[in-house]
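Each residue takes its place number in the sequence, starting with 1. Quick note: numbers below take in every heavy atom, side chains included, and nothing from hydrogens, waters or symmetry partners. Since the structure is predicted, the reported quantities are computational estimates derived from the model, not experimental observations.
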Amino acid sequence: MERRKIKDLCLTCISLAALIILWIIVSNSKPDFFPTPQATWERFVKMAERPISRTTITGHILISLKRVLSALILAVVSGIGIGLIMGWSKRMNAVLSPILTALRPIPPIAWIPLVILWFGVGEFSKILLVFIGAFFPVVLNTATGVGMVDPMYLNVGHVYNANTFQMLRHVVMPAALPAIMAGVKIALSSGWMVVVAAEMIASKSGLGFLITRGNESYDVALVLCGMILIGLVGAVLSAVFTLMERWLCPWTEKKNG
């Protein structure tokens, strides 16, 4: 097991080194269109010393995170609730499934013109767009997870005369939790992408705004800094959620191991 971890770490280091080498090669050939690592680092330092739009780097990151997490909480609460109802009741599934099936393929970005027309370009619009991107994975994974609960568990609940609330809380939710967590993880990733896109279109703060500012001023290094920050924050969010998932569903880790 330790050998495999060391081997995986080595492969990770090699892939990162290869990416940096490729970056150096490409940037040296066309530095005006693709800044070098040194130029990107210098722009990052400059950005740290001189806030953009009166907001520091940390401020832009926190603003984007606040938008994503606010929408994610709403999506998780409503998505799990509706997913439980759909998975538990065939009638409700018949009513709601066609609506969700029709709306789910529409990309969150496609809602931007309507959302801006209805609600303007304020914070609510950005949170609503992220909510749209995060809601569907949660509700669909929850409904799927509930539908896949082993009937044996349900029979045990019936033997103990559990009511509907007790069945959902003590039997269905624990059994469906891995599927629900998978949906939340997808929702987090989708929400992070949507908020960046929303900030690029209509915003004066956030990581997406940094890319727009760099594009408008032809500051390619700033664009690249924004992209790197987006990737790093996204990776950290994914790692934190993976740890949370292992804590909440430890039996899945043992099963995979």
Would you give the length of the straight line joining atom [atom1] of [X] to atom [atom2] of [Y], rounded to the nearest 0.5 angstrom?
| X | Y | atom1 | atom2 | result |
| --- | --- | --- | --- | --- |
| Lys204 | Thr212 | NZ | OG1 | 13.0 Å |
| Trp111 | Trp118 | CH2 | CH2 | 6.0 Å |
| Glu49 | Thr56 | CD | OG1 | 13.0 Å |
| Ile73 | Ile127 | CD1 | CD1 | 10.0 Å |
| Leu222 | Thr40 | CG | OG1 | 10.5 Å |
| Leu140 | Ile186 | CG | CD1 | 9.5 Å |

Should [X] and [Y] be counted in the same cluster of Ile, Leu, Val, Met, Phe, Trp and Tyr side chains packed under 4.5 Å apart?
| X | Y | answer |
| --- | --- | --- |
| Val77 | Ile85 | no |
| Met193 | Leu128 | no |
| Val76 | Leu74 | yes |
| Phe136 | Ile106 | yes |
| Leu114 | Val130 | yes |

Quick one about Ser205 and Arg67 (side-chain donor to acceptor, distance below 3.5 Å, no hydrogens or angles considered), yes or no?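 On atom types as modelled, these side chains qualify, holding a pair under 3.5 Å.
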Report yes or no: does [X] contribute a side-chain atom to a donor-acceptor pair with the main-chain N or O of [Y] at less than 3.5 Å?
| X | Y | value |
| --- | --- | --- |
| Ser15 | Thr12 | yes |
| His60 | Gly208 | no |
| Trp23 | Pro35 | yes |
| Thr55 | Ser53 | yes |
| Trp192 | Ile230 | yes |
| Asn215 | Ile211 | no |
| Asn141 | Ile180 | no |
| Ser217 | Arg213 | yes |
| Thr142 | Leu84 | no |
| Ser64 | Gly206 | no |

Do the charged groups of Glu123 and Lys66 touch, with an N to O distance under 4.0 Å? no
Lys/Arg-Asp/Glu bridge criterion (N-O < 4.0 Å) met for Asp219, Arg43: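 Salt bridge between Asp219 and Arg43, a charged N being under 4.0 Å from a carboxylate O: yes.
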If every non-hydrogen atom of [X] is compared with every non-hydrogen atom of [Y], which pair is closest and at what distance?
| X | Y | value |
| --- | --- | --- |
| Ser78 | Phe131 | OG-CE1, 3.5 Å |
| Ala134 | Ala187 | O-CB, 3.2 Å |
| Ala179 | Gly145 | CB-CA, 3.7 Å |
| Pro37 | Ile24 | CG-CG1, 3.8 Å |
| Val223 | Gly214 | CG2-C, 3.6 Å |
| Ala39 | Ala221 | O-CB, 4.3 Å |

Quick one, Val194 with Ile132, criterion side chain to side chain contact (heavy atoms under 4.5 Å, CB included). Give me CA distance, side-chain angles, the key distance, then yes/no. CA-CA 9 Å; Val194 172; Ile132 293 172; over 6 Å; no
Does [X] reach the side chain of [Y], with side-chain heavy atoms less than 4.5 Å apart?
| X | Y | value |
| --- | --- | --- |
| Ser238 | Leu188 | no |
| Ile228 | Phe44 | no |
| Leu224 | Val220 | no |
| Leu237 | Leu65 | yes |
| Leu129 | Pro108 | no |
| Met86 | Leu100 | yes |

Apart from Leu11 itself, what residues make up its hydrophobic cluster, given side-chain heavy atom links below 4.5 Å?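 Result for Leu11 is none, singleton.
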Side chain to side chain contact (heavy atoms under 4.5 Å, CB included) for Trp88 and Asn93? Distances and angles first, verdict last. CA-CA 8 Å; Trp88 185 255; Asn93 184 65; over 6 Å; no
Taking it one step at a time, do Leu210 and Met47 satisfy side chain to side chain contact (heavy atoms under 4.5 Å, CB included)? CA-CA 10 Å; Leu210 294 181; Met47 183 169 53; 4.1 Å; yes
Take Val196 and Met200 through the test side chain to side chain contact (heavy atoms under 4.5 Å, CB included) and record every step on the way to the result. CA-CA 6 Å; Val196 170; Met200 290 177 65; 4.2 Å; yes
